[in-house]
Amino acid sequence: MAKFQKVQGLELNSLPKNMEFPEVETRLQETWAREKLYEFDESSSKPTFAIDTPPPTVSGSLHVGHIFSYTQTDIMARYQRMQGKNVFYPMGWDDNGLPTERRVQNYFHIRCDANQPYEPGLELEPILSTMSEKELQEKRLPQKNLSRKNFIEHCHRLTVQDEELFKKLWSRIGLSVDWKLEYATIDDHSRKLSQMSFLDLFKKGHMYQVQAPTLWDCDFQTAVAQAELEDRELPGAFHDIEFEVEGGGNFTIATTRPELLPACVGVTYHPADPRYASLKGKRAITPLFGAPVPIFPSELVQMDKGTGILMVCTFGDQTDVQWWRENKLETRQIIGKAGLMIPVQFGTKEFPSTNPDFANACFAKIQGRNVKQSQKLVVEMLGQPGANGKVALKAPPKPIQHAVKFYEKGDRPVEFLITRQWFARLLDKKEKLLEYGSKIKWHPEFMEVRYKNWTENLGIDWCVSRQRFFGVSIPVWYPLDDKGVIQYDKPMVPTVDQLPVDPMSDCPEGYTEAQRNKPGGFVGESDVFDTWFTSSITPQLGSHWELNPARHKKLFPMDMRPQAHEIIRTWAFYTIAKAMLHEEKIPWKHIVISGWVLDPDRKKMSKSKGNVVTPTAHIDEFGADAVRYWSGLARYGSDTTFDTGIMKIGRRLAMKIFNASKFSLQSSADAGDVTEPLDLAFLAKLRAQCEDAAKAFEAWEPASALMETEKFFWSNFTDSYVELVKSRSLGEKATDAEKRAKASAVHALRFGVRTFLKLFAPFLPYTTDEAWRWAFTDESASVHHARYPSAADFAGIECGNPEIFDTAMAAQAAVNQQKTHSKVSIARAITHIKLKAHPETIKNLTIVKGDVCGATKIEKLEMVEDATQEKNAFAIEHIEYGPDLKA
RNA sequence: UGAAGCGUAGCUCAGUGGUAGAGCAUCCCCUUCACACGGGGAAGGUCGCAGGUUCGACACCUGUCGCUUCAACCA
């Protein structure tokens with residue numbers, strides 16, 4: 001009976017008439033912080049529930065999508081806490097990487113220039129505070145160039161500011177994160193562990209460095225990974241271009257990238273294609289540039305596409321890279337890192353030509369131009385007679401719509417450039433990656449196919465180096481030989497205790513700073529890691545990995561990874577890969593994929609579309625609990641329409657909980673033993689509801705726990721039970737029997753409220769804790785530390801027959817319906833009513849007759865048995881109303 | 001081109017091999033002693049379409065259409 005305590009009533013007048021959301025939210029936030037409600041206890045032996053919270057990119061803009069998915073995670077965290085778990089719920093900030101750099105560049109109107117000297121103490125004012133973005137664009141002010149160090153300092157300044165904004169929002173929406181576990185992906189701890197991760201993979205032979213064709217973004221001037229690419233449909237055109245064959249003859253290739261003609265290193269066709277079989281082993285001569293290139297067959301060619309024969313360039317796309325590699329073709333790189341045509345000389349060994357003067361004259365026209373301009377110029381030239389006097393362009397370009405690969409944050413298509421990059425070897429581990437993926441429980445299950453799809457189709461190892469500034473340094477130095485040539489094949493790495501290091505300012509062991517960049521000395525690696533290299537160890541950032549083995553053991557693998565579905569191929573994939581490579585473990589037991597928030601037109605909300613809804617106004621309008629309600633109703637993985645209508649309902653629910661609590665706790669009565677049949681029947685139904693709700697949570701379906709609980713609360717409790725026992729539970733009672741019956745109702749009402757507050761606590765933490773603290777602190781100071789309701793709470797109570805309750809509800813509804821039909825007030829007394837019903841229903845109704853009559857103001861109830869009636873159906877044979885008191 | 005999810009009332013969404021569900025919106029009624037930020041009621045659907053399995057299908061199977069997404073193709 002311990003849990004089934006009787007509580008004292010309250011003075012109703014001492015409570016506010018309605019829930020004042022802003023006041024309660026502010027007050028409880030302070031209370032929770034003061035009581036350290038959500039702190040993880042590292043020394044506790046309780047079972048843990050560890051959450052690998054997504055560190056949001058601190059971009060300075062907040063939108064409802066943030067609230068939506070983070071609230072869903074918080075709901076699970078609160079449930080687990082109420083199950084007695086030691087919840088590990090950190091918050092990190094992803095402030096390392098390109099998005100941050102870009103925001104800092106715009107915010108201060110600066111750019112990083114590694115050649116600038118450091119200016120100590122430089123603190124620029126944000127440019128946008130003095131002029132609008134439009135003004136800034138119109139004035140075309142030059143960006144200020146900052147040294148790498150000054151630039152990074154400004155990144156830190158802005159991220160700290162942006163993080164405060166997020167923190168405020170998280171607190172408002174009631175996330176129960178432990179702020180002592182706050183981290184940033186750029187802080188020393190994260191940098192240290194990222195570099196440790198590199199060292200571990202390096203030692204295990206999973207990291208390699210290579211000078212090879214790599215995906216390159218010309219705007220950001222950095223390498224990017226396959227996972228960061230996206231397709232965009234663009235207009236393009238097929239150009240039919242005639243090549244001559246050495247020793248006579250010709251053929252026509254089709255290409256969408258004529259500007260790469262100077263970079264042509266081969267021609268290929270399908271081996272089964274009779275049209276071109278005779279070309280095998282011959283060489284073709286490119287138009288304009290006169291380069292002799294080998295002609296070879298390849299299964300990869302589609303006969304029915306274009307003309308069935310095509311030119312291979314270094315490099316137009318990934319297939320070019322494959323042909324280049326497999327056929328050991330020459331390398332003719334013409335596009336530079338900035339996306340402009342670099343100077344090349346025809347008539348050399350590298351760029352052979354049958355007519356160097358003509359070739360160089362042609363190339364001179366495009367040198368220094370970008371890809372788009374070059375394409376136009378090359379097409380123009382192809383339309384003129386070439387060195388052989390013939391026009392190579394055989395037909396006007398045929399426009400097509402085709403998918404082009406872009407870096408997801410870039411504005412120009414990616415190019416393949418030969419650069420030196422660090423890679424993590426993953427292609428040879430696909431099967432194991434798939435196996436590890438299937439050891440994890442995916443919610444919803446079907447999301448695993450996205451992981452499978454991606455893993456199976458992986459085509460390039462993970463390029464982890466980025467030519468950027470605000471990131472975690474790759475902890476490597478390279479020796480310089482006597483002539484000052486960098487020995488890339490002899491990388492020097494630090495020891496773990498030296499970490500974190502910045503190779504651009506720290507020295508490798510055995511060298512002095514004076515030897516930097518000197519022959520016989522060393523150079524530091526200037527590249528930083530892909531941000532995912534750090535994000536992929538968020539579980540280890542929390543568990544501290546090898547820095548604290550006991551803590552790591554306690555927390556790793558974590559229990560839950562919440563995340564969005566568009567980053568399954570990046571964040572989820574890389575995290576699984578890292579845990580596998582480091583420790584042959586899965587990083588978490590469950591991965592929960594949240595859906596997107598769609599605007600009312602069912603489009604994904606995104607900053608670029610400009611349809612983003614800012615969350616704070618809605619919290620102001622409906623209250624945090626109401627916004628949480630909207631998030632809590634959405635099932636994992638399903639996209640959800642932004643709908644303030646749902647928030648309105650959430651607010652109404654919160655209000656109802658508040659008022660029902662107030663009513664049930666009013667001071668006019670003391671609680672006694674629950675003895676009345678209706679009360680016992682209600683408790684039986686409530687017990688079943690508690691079990692169902694917990695079952696839904698355990699099945700990772702919190703939305704259905706909320707839906708079911710709400711439905712039950714509304715229909716069985718406030719609309720029925722409360723009304724049925726209202727007259728019995730209020731007022732002075734004369735006889736002992738009446739007093740006992742009253743005390744029974746009062747107790748059941750209060751126990752009901754206690755239970756509902758716990759059931760709703762994960763979803764509506766403010767309203768429930770506010771009401772909880774009026775009366776139930778005997779159980780725990782906060783509802784958020786109470787145990788989630790279970791059948792155990794009902795131990796010692798002989799719960800009644802739930803059918804009795806259903807009969808009472810049905811009778812109440814039938815009478816109300818009749819009153820409404822007769823257009824009389826629900827409060828109108830009924831002097832005499834004759835009900836016809838099934839004998840069993842009559843039997844049940846007899847048991848709860850007093851309560852039903854009390855709720856419906858029946859003075860004289862007559863019951864007639866009729867076996868033809870369905871159970872719990874009532875036919876009203878006769879009804880007489882009392883006088884209309886209003887009249 | 002392949003795969004996945006979705007398609008149920010005007011809207012947002014539940015749902016189960018056995019008579020179609022909720023809330024919102026609409027309409028009507030009721031100022032009732034926790035709550036008018038309330039209460040009671042009514043109306044509203046061939047469950048995308050077509051076949052099949054079954055005594056019975058909104059549910060299971062096959063096909064098909066539409067929307068969304070993921071992936072492949074990218075010469």
Side-chain angles (χ1 to χ4, degrees), chain A residues 12 15 17-19 21 231 233-234 236 238-239 253-257 260 267-269 298 300-302 305-313 316-320 323 400 402-405 413 444-454 456-457 459 565-566 568-569 595-596 598 600 602-604 622-623 630 633-635 637-646 648-649 651-666 703-704 707-708 710-711 714-715 718-719 722-723 726-727 730-731 812-813 815-828 857 885-886:
Chain A
L12 211 53
L15 298 172
K17 185 163 161 56
N18 273 316
M19 170 89 179
F21 287 96
D231 286 349
E233 281 286 330
L234 285 186
F238 265 122
H239 301 76
I253 61 111
T255 182
T256 56
R257 298 204 61 182
L260 290 177
V267 166
T268 185
Y269 60 92
S298 166
L300 297 173
V301 178
Q302 284 176 40
K305 191 156 187 175
T307 54
I309 186 163
L310 62 105
M311 66 168 179
V312 179
C313 305
D317 61 28
Q318 204 173 337
T319 333
D320 278 350
W323 281 313
I400 53 161
H402 63 157
V404 181
K405 289 213 180 301
E445 260 176 55
F446 65 76
M447 284 294 178
E448 192 188 348
V449 307
R450 303 207 178 187
Y451 173 82
K452 282 184 179 159
N453 262 341
W454 179 255
E456 281 162 2
N457 289 308
H565 50 69
E566 76 271 23
I568 288 176
R569 67 178 184 175
W596 284 335
L598 308 176
R602 302 203 63 80
K603 293 272 178 292
K604 189 201 171 188
F622 301 104
W630 163 72
L633 267 188
R635 288 174 315 160
S638 59
D639 296 343
T640 299
T641 314
F642 177 77
D643 189 349
T644 52
I646 308 280
K648 229 164 105 184
I649 299 162
R651 183 185 170 89
R652 230 174 51 142
L653 173 64
M655 208 76 85
K656 196 74 174 175
I657 292 170
F658 181 94
N659 282 313
S661 302
K662 236 168 51 174
F663 171 80
S664 306
L665 290 166
Q666 52 190 302
S704 94
M707 236 174 314
E708 296 303 318
E710 180 194 10
K711 206 167 145 188
W714 216 275
S715 67
T718 60
D719 289 352
V722 169
E723 296 301 330
K726 200 175 250 177
S727 62
L730 294 176
Q812 180 198 14
V815 177
N816 283 345
Q817 193 176 354
Q818 183 58 45
K819 279 183 176 171
T820 302
H821 244 37
S822 318
K823 305 209 170 181
V824 304
S825 162
I826 298 295
R828 187 80 165 267
K857 308 275 192 301
L885 298 174
K886 190 175 60 177

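Order of the sequence lines fixes the chain letters, A, B, ..., with proteins taken first and strands second; residue numbering starts at 1 for each chain.
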Tell me the interatomic distance from [X], atom [atom1], to [N], atom [atom2], rounded to whole angstroms.
{"X": "A:K711", "N": "B:C24", "atom1": "NZ", "atom2": "P", "value": "14 Å"}
{"X": "A:W596", "N": "B:G5", "atom1": "CH2", "atom2": "C1'", "value": "12 Å"}
{"X": "A:M19", "N": "B:G38", "atom1": "CE", "atom2": "P", "value": "15 Å"}
{"X": "A:H821", "N": "B:C29", "atom1": "NE2", "atom2": "C1'", "value": "12 Å"}
{"X": "A:L598", "N": "B:U12", "atom1": "CG", "atom2": "C1'", "value": "12 Å"}
{"X": "A:I657", "N": "B:G38", "atom1": "CD1", "atom2": "P", "value": "14 Å"}
{"X": "A:K405", "N": "B:C73", "atom1": "NZ", "atom2": "P", "value": "7 Å"}
{"X": "A:E448", "N": "B:A71", "atom1": "CD", "atom2": "P", "value": "16 Å"}

Taking any heavy-atom pair under 4.0 Å as a contact, classify [X]: base, sugar-phosphate, or nothing.
{"X": "A:V312", "result": "nothing"}
{"X": "A:M447", "result": "nothing"}
{"X": "A:I646", "result": "sugar-phosphate"}
{"X": "A:A813", "result": "sugar-phosphate"}
{"X": "A:E710", "result": "nothing"}
{"X": "A:K857", "result": "base"}
{"X": "A:E456", "result": "nothing"}
{"X": "A:K823", "result": "sugar-phosphate"}
{"X": "A:V301", "result": "base"}
{"X": "A:W714", "result": "sugar-phosphate"}
{"X": "A:A254", "result": "sugar-phosphate"}

Check whether any side-chain heavy atom of A:N659 sits under 4.5 Å from a side-chain heavy atom of A:N18, and report yes or no.
->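 Side chain of A:N659 against side chain of A:N18, heavy atoms only: contact under 4.5 Å found.
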Given that A:S638 and A:G645 both sit by RNA chain B, which one's nearest nucleotide is further toward the 5' end?
-> A:S638
Where each residue is assigned the nucleotide of RNA chain B containing its nearest heavy atom, which of A:I400 and A:S664 is assigned the position nearer the 5′ end?
->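 Closer to the 5' end of RNA chain B: A:S664.
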May I have the step-by-step check of side chain to side chain contact (heavy atoms under 4.5 Å, CB included) for A:R569 and A:N457, ending in yes or no?
-> CA-CA 11 Å; A:R569 67 178 184 175; A:N457 289 308; over 6 Å; no
Please determine, for the side chain of [X], which listed nucleotide ([options]) has the closest atom?
{"X": "A:T641", "options": "B:G41, B:C13, B:U32", "result": "B:C13"}
{"X": "A:R450", "options": "B:C35, B:U69, B:C74", "result": "B:U69"}
{"X": "A:L730", "options": "B:A34, B:C13, B:C74", "result": "B:A34"}
{"X": "A:H402", "options": "B:C74, B:G39, B:G41", "result": "B:C74"}
{"X": "A:K662", "options": "B:G39, B:A34, B:G23", "result": "B:A34"}
{"X": "A:F663", "options": "B:A34, B:U32, B:C74", "result": "B:A34"}
{"X": "A:F446", "options": "B:C35, B:A4, B:G40", "result": "B:A4"}

Which residues pass the ring pair (Phe, Tyr, Trp, His ring centres under 6.0 Å) test with A:F642, sequence neighbours left out?
-> A:H618, A:W630
What integer number of Å spans the [atom1] atoms of [N] and [M]?
{"N": "B:G56", "M": "B:A36", "atom1": "C1'", "answer": "47 Å"}
{"N": "B:G39", "M": "B:U31", "atom1": "C1'", "answer": "10 Å"}
{"N": "B:C29", "M": "B:A20", "atom1": "P", "answer": "32 Å"}
{"N": "B:G63", "M": "B:C28", "atom1": "C1'", "answer": "47 Å"}
{"N": "B:C47", "M": "B:G21", "atom1": "C1'", "answer": "11 Å"}
{"N": "B:C24", "M": "B:G40", "atom1": "P", "answer": "10 Å"}
{"N": "B:A42", "M": "B:G48", "atom1": "P", "answer": "26 Å"}
{"N": "B:C30", "M": "B:U69", "atom1": "P", "answer": "50 Å"}

Could you tell me whether the phosphate oxygens of [N], OP1 or OP2, come under 4.0 Å of any side-chain nitrogen or oxygen in [X]?
{"X": "A:K17", "N": "B:A36", "answer": "yes"}
{"X": "A:Q666", "N": "B:C33", "answer": "no"}
{"X": "A:K726", "N": "B:U32", "answer": "no"}
{"X": "A:R635", "N": "B:G15", "answer": "yes"}
{"X": "A:R652", "N": "B:C24", "answer": "yes"}
{"X": "A:R569", "N": "B:A71", "answer": "yes"}

Is the base of B:C73 touched by the side chain of A:D231 through a donor-acceptor pair closer than 3.5 angstrom?
->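 Answer is yes: a donor-acceptor pair is held.
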Pair of N/O donor and acceptor under 3.5 Å linking B:A34 base with A:E723 side chain = yes
Enclosure of A:E445 CD (heavy-atom neighbours >12, cutoff 6.0 Å) | no
Do other residues, nucleotides or ligands put more than 12 heavy atoms under 6.0 Å from the NZ atom of A:K648?
->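 Atom NZ in A:K648 is not packed in, count stays at 12 or less.
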Base paired to [N] (Watson-Crick or G-U; both N/O distances under 3.5 angstrom):
{"N": "B:G63", "result": "B:C49"}
{"N": "B:A3", "result": "B:U69"}
{"N": "B:G44", "result": "none"}
{"N": "B:U32", "result": "none"}
{"N": "B:G17", "result": "none"}
{"N": "B:U12", "result": "B:A22"}
{"N": "B:C58", "result": "none"}

Would you give the length of the straight line joining atom CG of A:L234 to atom NZ of A:K405, rounded to the nearest 0.5 angstrom?
->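 If I round to the nearest 0.5 Å, the distance is 12.5 Å.
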So A:I309 and A:V301, side chain to side chain contact (heavy atoms under 4.5 Å, CB included) or not? Walk me through it.
-> CA-CA 8 Å; A:I309 186 163; A:V301 178; over 6 Å; no
Row check, A:F238 ring normal vs A:K305 NZ/CZ: under 6.0 Å, within 45° |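 No, A:K305 and A:F238 do not form such a contact.
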Closest contact, heavy atoms only, A:K857 versus A:R828 = CB-O, 3.7 Å
What pair of heavy atoms forms the shortest contact from A:A254 to A:T307, and how long is it?
-> N-OG1, 3.4 Å
